[in-house]
Amino acid sequence: MTTLVTGVVVIATLAAFAQALSGFGFALVAVPLLTLLTGPQTAVTVVTALGGLLALAISVHQRRHIEGRTAFLVTGAGLVGMPFGLLAITALSARSLSVLIACVVLAFALLLGRGATLSRGAGPAAAAGFASGALLTSTGMNGPPVVAAFQAMGLQPRELRATLQATFCAGDALAVLGFLAVGRLTADSLLLTAAGLPGMAVGWWLGDRIFARTDPRRFRRIVLAVLVTSACVALAQAALA
């Protein structure tokens, strides 16, 4: 158990560091790595709970940078998509979930790499929110569709990061309620969530210091690197499952 707790602390530190740098990254880093220690179902539950707590703290701290209308649209559409994700997590095997994670991440990395653009309308935000909600409750990795949409809409780094945290906070809270309803929020998952809190705080503090000195072009490269690296980890996990 000590080894598991130590692993959770290290993973939470790395994941929060990535989220501070790129605006999302927490679940993309934490889910594949934690899956190696606990299995995908527990990993999704723990990472979602940790990510929600982190997003809440950052949303309050950076509320002046949040684009409220976009955050509201993404959150509402995400709520509609969540039941589909809950169905997937109860029906798919561990290997299938890992492959799904990798494919989703690589697809959105490709879109960002090709420089796709979108208007700041309700349609793109709603579509991204629906996909994000379904992915949140099935893989714990709700960031890719929203990040791709926000980047394509031209949101600046601080605006993008703050708006992401607002959508993650609301979505994670709803997902945790869903996990509770289907019996996935266990005593063990709560213990692991508590264990990850100190590492999460340290990781964000360190990443935020670097983010403050990062220009928009470098920020975009960091986002792409986080997406591709996480997908490779997920594929490796699927091969070992």
Linked, directly or transitively: [X] and [Y] (ILVMFWY side chains, under 4.5 Å):
X: L177; Y: V80; value: no
X: L191; Y: L185; value: no
X: L174; Y: I66; value: no
X: V182; Y: L87; value: no

Looking only at heavy atoms, which two atoms of [X] and [Y] are closest? And how far apart?
X: A27; Y: V47; answer: CA-CG1, 3.7 Å
X: T75; Y: T167; answer: OG1-CA, 3.9 Å
X: T48; Y: A175; answer: CG2-CB, 3.8 Å
X: P198; Y: A195; answer: CD-O, 3.4 Å

Here the gap from Q41 atom CD to S189 atom OG, rounded to the nearest 0.5 Å, amounts to 12.5 Å
Separation between CG (D188) and CG (L192), nearest 0.5 Å, reads 6.5 Å
So the ring-ring contact (aromatic ring centres under 6.0 Å, His included) pairs with at least one residue in residues 31-84 (sequence neighbours excluded) are F84-F130
Check whether any side-chain N or O of [X] sits under 3.5 Å from a backbone N or O of [Y] as a donor-acceptor pair, and report yes or no.
X: T163; Y: A71; value: no
X: R184; Y: T45; value: no
X: T38; Y: T35; value: no

How about [X] and [Y]: do any of their side-chain heavy atoms sit closer than 4.5 Å?
X: T13; Y: M200; result: no
X: R158; Y: F211; result: yes
X: L164; Y: R161; result: no
X: L190; Y: V46; result: no

Donor-acceptor pairs under 3.5 Å, side chain of residues 50-60 to any protein atom, not counting sequence neighbours: which ones?
residue, atom, partner, partner atom, Å
S59, OG, A55, O, 2.7
S59, OG, Q165, O, 3.1
S59, OG, A166, N, 3.2

One pair to check against side-chain contact (heavy atoms from CB on, under 4.5 Å): F168 and Q19. What are the steps and the verdict?
CA-CA 11 Å; F168 291 164; Q19 179 133 328; 3.9 Å; yes
**Item:** Chi angles and distances behind the side-chain contact (heavy atoms from CB on, under 4.5 Å) call for V44, F179
**Value:** CA-CA 10 Å; V44 168; F179 293 146; 3.7 Å; yes
side-chain contact (heavy atoms from CB on, under 4.5 Å) test vs F17 passes for just one of V29, I210, V202, namely I210
> Taking NZ, NE, NH1 and NH2 as the nitrogens, is one of them in D208 or R213 under 4.0 Å from a carboxylate oxygen of the other?
Replying inline: no
Please report the C-alpha distance between I11 and L37 in whole Å, then the side-chain angles of each, then the deciding distance to 0.1 Å, and finally whether the side-chain contact (heavy atoms from CB on, under 4.5 Å) criterion is met.
-> CA-CA 11 Å; I11 291 169; L37 301 178; 3.9 Å; yes
